[in-house]
Amino acid sequence: MIDIKILRRSPEAIVEMLRKRNMDFPVQDVIELDKKMRNIKTELDRLRGELNTASKRIGIKKAKGENVDEELKILKELSDRVSVLEDEFRAVEGELNCLLLKIPNIPHESVPAGKSSEDNVEVKRWGSPPEFDFDPLPHWEIGKKIGILDFERGAKISGSGFTLYTGLGARLEFALISFMLDLHTKEHGYKEVLTPFMVNEKSMITTGQLPKFKEDMYKIEGEDMYLIPTAEVPVTNIHRDEILPEESLPIKYVAYSPCFRLEAGSYGQDVRGIIRQHQFNKVELVKFSHPETSYDELESLLEDAEYVLKKLGLHYRVVVLCTGDLGFSSAKTYDIEVWLPSQKTYKEISSVSNFEDFQARRGNIRFRDSTGRVRYLHTLNGSGLAVGRTVAAILENYQQKDGSVRIPDVLVPYMHGIKEIKG
RNA sequence: GGAAGGGUGGCCGAGUGGUUUAAGGCGGCGGUCUUGAAAACCGCUUCUCCCGCAAGGGAGACGGGGGUUCGAAUCCCUCCCCUUCCGCCA
């Protein structure tokens, strides 16, 4: 949620921001509703004050045994007026809140302007693409060939967008999860958490999935319960409605979770293989940061995620998302894109964002600063990494001429000593 | 899922319609006293919103929401959560 004071002070800034994001929004409606709400509130508070004093007076008179019938009649009228205003206030406030929850975050000044992903700006590159003296296969063919990915049975069990991992494929997935968790806890100082994978509506509102992106979420029928699209949701909500001590910041969590995404529609090449699935695994990094240092935390979070790819020896690049491609809740996002030899492209494997106080405001997540003031903190998160896509990248980048796949050295201990997967 | 009992400030806990401005205690902070500390004593100890340049004034919050009433922590409805027991279950 944006700070409504910004909207009051300089609505043109919000209009400009929405234009940069290619978004249409009835800003004027919000401003008028807000004005209306404050007018009602002012009048309501005045009347309630009057009612309070008068009611107290009646209590005293009654205790003395005086007659209060006349006064009661007058107060009944006052009380009725308060009731009417209260209903009005509730309605306007609800309407205003509905709109406010659908306004996206304001991009940070360092975010490049642009319309689509094509305007994202590459900021760094690490390593170089592997060279093959043969035609590299796409990961789904490799996976089938060496018998670790079963797409047909995945579809039989659940439908398209679900894959069955078998044997060393399943092992590889868990090896990566363990490896990533170890790396972030032992080397980067994150605290490991294991969260619920279903959450209520309030949690989804905090992080920004609801109310706007309802159609992308799996919901449990007849219950206030959603399957998480990312561990970001439960982890960020750990401190919802809390006031944290300043000394505790930054708080850094790492969480493994499966992620469930409905996301209707297919996306070109990604319909094949495990790049785009309705269910996938991810190791997620979440930070609760002091507002003054959140952009430093963003850089170090990016480095923490990059480090996984470096250890795995996978070539990647980092782009900063332009205003048109930036996510709803985010003020600034870096995407890490891993090299996929079969497509000769870079594919998103991690998304690292600073939400500033946008989620904190929605979830009422605050801290008390050294002067005793209560302030919203900043939340950040990043994939560290998407596990399914990491498997795809390993299969493609570590494939060998004979069809086998070498296991990156750092993973061998997690694979119980297995150094390659053969058909 | 069923039954019973609960949910009050950072924590414990009193409060069953009206000077409650939520008692009392613990913890915490500040002060007095002291060479220093402890003890004792005194004071302070939530958050949100509205009006106002400010000083200041007002409103709301006792699990959430709604209702009754001039007036609700207190009565009614509803939902959520916790505890215990039963059922089911890994």
Side-chain angles (χ1 to χ4, degrees), chain A residues 1-9 30-101 194-206 210-211 219-226 234 237-249 251 258 357 359-377:
Chain A
M1 190 139 58
I2 60 160
D3 185 352
I4 186 129
K5 285 184 196 120
I6 295 173
L7 198 63
R8 284 174 194 164
R9 223 182 307 118
V30 179
I31 292 167
E32 269 156 37
L33 266 178
D34 175 54
K35 242 178 226 156
K36 194 171 167 192
M37 186 198 71
R38 281 146 76 204
N39 286 340
I40 296 172
K41 166 86 169 141
T42 305
E43 175 69 359
L44 183 60
D45 283 358
R46 194 182 62 78
L47 289 181
R48 274 207 278 229
E50 224 176 277
L51 188 61
N52 283 348
T53 7
S55 293
K56 213 162 276 176
R57 202 166 52 228
I58 286 194
I60 294 166
K61 280 193 176 178
K62 261 194 156 175
K64 287 185 192 158
E66 292 175 31
N67 186 290
V68 291
D69 292 355
E70 207 43 46
E71 217 162 338
L72 277 188
K73 263 185 215 159
I74 301 166
L75 278 197
K76 172 69 180 156
E77 265 172 57
L78 182 58
S79 171
D80 287 346
R81 272 167 71 204
V82 168
S83 272
V84 169
L85 267 188
E86 272 172 346
D87 288 348
E88 224 173 299
F89 181 76
R90 259 198 293 269
V92 173
E93 194 192 31
E95 209 180 322
L96 178 65
N97 209 255
C98 245
L99 283 172
L100 284 177
L101 287 174
L194 182 60
T195 70
F197 300 147
M198 292 193 271
V199 300
N200 56 31
E201 185 187 31
K202 225 170 181 177
S203 294
M204 293 287 261
I205 286 174
T206 297
L210 293 179
K219 186 176 191 305
I220 306 300
E221 201 179 330
E223 287 188 54
D224 178 19
M225 205 59 89
Y226 295 81
N237 277 280
I238 289 175
H239 296 298
R240 165 148 57 84
D241 291 320
E242 289 183 18
I243 299 172
L244 302 164
E246 188 174 36
E247 319 80 77
S248 68
L249 304 179
I251 299 173
D357 63 6
Q359 296 179 327
R361 208 175 280 283
R362 294 165 83 101
N364 205 25
I365 313 169
R366 297 170 296 174
F367 74 103
R368 195 182 300 277
D369 74 12
S370 47
T371 68
R373 200 155 69 92
V374 175
R375 299 164 62 189
Y376 291 112
L377 47 71

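U45(B) and G52(B) have their C1' atoms separated by 28 Å, with the value rounded to a whole Å. Atom name P, nucleotides C41(B) and C53(B): the rounded distance is 47 Å, in whole Å. With C1' as the reference atom, C79(B) and G31(B) are 49 Å apart, rounded to whole Å. Rounded to a whole angstrom, the distance from the P atom of G24(B) to that of A14(B) is 15 Å.
Looking at which nucleotide of RNA chain B each of Thr42(A) and Arg46(A) is closest to, the 5′-most match is held by Thr42(A). Between Glu50(A) and Ile60(A), it is Ile60(A) whose nearest contact on RNA chain B lies nearer the 5' terminus.
Counting only heavy atoms from C-beta on, Lys62(A) has its side chain closest to C70(B) among C49(B), G67(B), C70(B). The side chain of Ile58(A) approaches G18(B) more closely than any other nucleotide in the set C47(B), G67(B), G18(B). When the nucleotides C50(B), C70(B), G67(B) are ranked by their closest atom to the side chain of Leu75(A), C70(B) comes out on top. Here C70(B) is the nucleotide among C47(B), A59(B), C70(B) with the atom lying nearest to any side-chain atom of Lys76(A). Nearest to the side-chain atoms of Asn52(A) among the listed nucleotides U48(B), G60(B), C70(B) stands G60(B).
Leu44(A) comes within 4.0 angstrom of nothing in the nucleic acid, heavy atoms only. Within 4.0 Å (heavy atoms only), Arg8(A) reaches sugar-phosphate atoms of the nucleic acid but no base atom.
If you measure from atom CZ of Arg366(A) to atom C1' of C49(B), you get 12 Å, rounded to the nearest angstrom.
More than 12 heavy atoms of other residues, nucleotides or ligands lie within 6.0 Å of CZ in Arg38(A), so this atom counts as buried by the packing criterion.
Listed for the Arg240(A) side chain is no donor-acceptor partner under 3.5 Å among the backbone atoms of Gly363(A). For the pair Lys219(A) (side chain) and Glu223(A) (backbone), a donor-acceptor distance under 3.5 Å is present.
Partner assigned to A14(B) is none, using Watson-Crick or G-U wobble distances below 3.5 angstrom.
Between the side chain of Lys56(A) and the base of G18(B), no donor-acceptor pair under 3.5 Å is found.
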Starting from the C-alpha separation in whole Å, work towards a yes-or-no answer on salt bridge (charged side-chain N to carboxylate O under 4.0 Å, His left out) for Glu50(A) and Arg46(A). CA-CA 6 Å; Glu50(A) 224 176 277; Arg46(A) 194 182 62 78; 3.3 Å; yes
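Of the N and O atoms on the side chains of Asn200(A) and Ser203(A), at least one donor lies less than 3.5 Å from an acceptor on the other residue.
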